[in-house]
**Student:** 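One structure follows; several queries about it will come next.
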Amino acid sequence: MGKDVIIALDFESKEKALGFLDNFSGEPKKPYVKIGMELYYAAGPDIVREIKARGHQIFLDLKLHDIPNTVKKAMSVLSGLDVDMLNLHAAGTKAMMEAALEGVTRPDGSRPLVIAVTQLTSTSQERMESDLLIHEPIDQVVLHYARCARDAGLDGIVCSPLEAGKVHEACGKQFLTVTPGVRFADGDVGDQVRVTTPEKAREIGSDYIVVGRPVTQAADPVAAYRRCVAEFVG
Ligand code: C5P
């Protein structure tokens, strides 16, 4: 599986997202992009079709979590949009993840990659214990969810680049780590807490880095994207 940089298209409207992507119209390889809930709920499935038609690969970050049958059917619809990567919450259980894989598989046998969210990075040990009644150390909980996702047949998880090595040790080299929380060594950290550079993420073993503001807010987004690719992919 080739390493790649995924740009987080965190824009609130179709116009802003497409306006940003216009910067890349002259690039031979269109960047892989992540469409999250904000843009998808604002612009609907047409935004996915339009960006796909421009030649981008798409990670549709909608984090599904419902009963297995509902997730199976929703995954089938999303797979029909011809996206390349989808995700769901591992907390939905192995049964839900297995149902998702059934739903996502297209009639010709192909399917997008499916990765799991484990514990959100916004959840602290304290909150997990008080609100979710989970009393194991959070890093063990993350690895347990990762193994459940692997056992269900999923392709990988979203995690911090700093955890990518441990996830590969627990689940195997082929199990993908898709990692946000990436900043240039000389860049703004913003509201991210545990960050690392594209180069360090490569060393630890991330398979895909997800980069938002360091590219979307850059004075020269194409130069910033190229710098990410050069540092991460080499
Ligand atoms: O702008 P920035 O590089 O911080 O964007 C990172 C992207 O990755 C955002 O879309 C954010 O929602 C997402 N993300 C994250 N941390 C997680 C999971 C997702 O930053 N644990």
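Just so you know, ligand 1 is whichever comes first in the structure, and atom 1 is the first atom listed for that ligand.
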**Student:** Could you tell me whether a side-chain N or O of Glu199 sits under 3.5 Å from a main-chain N or O of Glu231, the two making a donor and an acceptor?
**Tutor:**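 No.
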
**Student:** Run the salt-bridge test on Arg194 and Glu163 with the 4.0 Å N-O cut-off and return the result as yes or no.
**Tutor:**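 Counted as a salt bridge, because a side-chain N and a carboxylate O are separated by less than 4.0 Å.
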
**Student:** If you count the atoms of ligand 1 from 1 in the order shown, which ones are under 4.0 Å from a heavy atom of Arg213?
**Tutor:** 1 (O), 2 (P), 3 (O), 4 (O)

**Student:** Give the numbers and elements of all ligand 1 atoms closer than 4.0 Å to a heavy atom of Gly212.
**Tutor:**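 That gives atoms 1 (O), 2 (P), 3 (O), 5 (O) of ligand 1.
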
**Student:** Out of Val193, Thr121, Asp188, Leu39, who is nearest to atom 21 (N) of ligand 1 when you count heavy atoms only?
**Tutor:**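 Minimum heavy-atom distance to atom 21 (N) of ligand 1 goes to Thr121.
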
**Student:** With heavy atoms of Pro214 as the reference, note each atom of ligand 1 found under 4.0 Å away.
**Tutor:** 3 (O)

**Student:** At what distance is the nearest protein heavy atom to atom 12 (O) of ligand 1, and which residue and atom is it?
**Tutor:** Lys34 NZ, 4.4 Å

**Student:** List every atom of ligand 1 that sits less than 4.0 Å from any heavy atom of Ala8, numbering the atoms from 1 in the order shown and giving each element.
**Tutor:**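 Ligand 1 atoms under the 4.0 Å threshold to Ala8: 7 (C), 10 (O).
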
**Student:** Would you check the N or O atoms of Lys63, main chain and side chain alike, for any that come under 3.5 Å of an N or O of ligand 1?
**Tutor:** no

**Student:** So that I can tick it off, tell me whether Asp84 and Lys34 are bridged by a salt bridge, with the cut-off set at under 4.0 angstrom between side-chain N and carboxylate O.
**Tutor:**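 No, Lys34 and Asp84 are not salt-bridged.
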
**Student:** Indicate whether any N or O donor in one side chain lies under 3.5 Å from an N or O acceptor in the other, for Ser110 and Arg106.
**Tutor:**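 Note: Ser110 and Arg106 side chains meet the donor-acceptor criterion.
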
**Student:** Are Phe59 and Tyr32 an aromatic pair by the rule of ring centers under 6.0 Å?
**Tutor:** no

**Student:** Should you measure from each heavy atom of Arg183, which atoms of ligand 1 turn up under 4.0 Å away?
**Tutor:**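 Answer for ligand 1: 1 (O), 2 (P), 3 (O), 4 (O).
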
**Student:** So which heavy atom in the protein is nearest atom 8 (O) of ligand 1, and how far is it from that ligand atom?
**Tutor:** Pro180 CB, 3.4 Å

**Student:** Quickly, which of His168, Gln174, Arg202 forms a side chain to side chain donor-acceptor pair (under 3.5 Å) with Asp207? Name it, please.
**Tutor:**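 Among His168, Gln174, Arg202, the one that satisfies the side chain to side chain donor-acceptor pair (under 3.5 Å) with Asp207 is His168.
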
**Student:** So with a 6.0 Å cut-off around CG of Asp139, is the heavy-atom count from everything else above 12?
**Tutor:**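 Correct, the count exceeds 12.
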
**Student:** In ligand 1, which numbered atoms sit nearer than 4.0 Å to a non-hydrogen atom of Gln192?
**Tutor:** 4 (O), 6 (C), 15 (C), 20 (O)

**Student:** Can you check which of Val158, Asp10, Val182, Ile7 brings a heavy atom nearest to atom 10 (O) of ligand 1?
**Tutor:**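 Nearest option to atom 10 (O) of ligand 1, by heavy atoms: Asp10.
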
**Student:** Is there a donor-acceptor contact under 3.5 Å linking the side chains of Thr105 and Arg111?
**Tutor:**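 There is no such pair between these side chains.
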
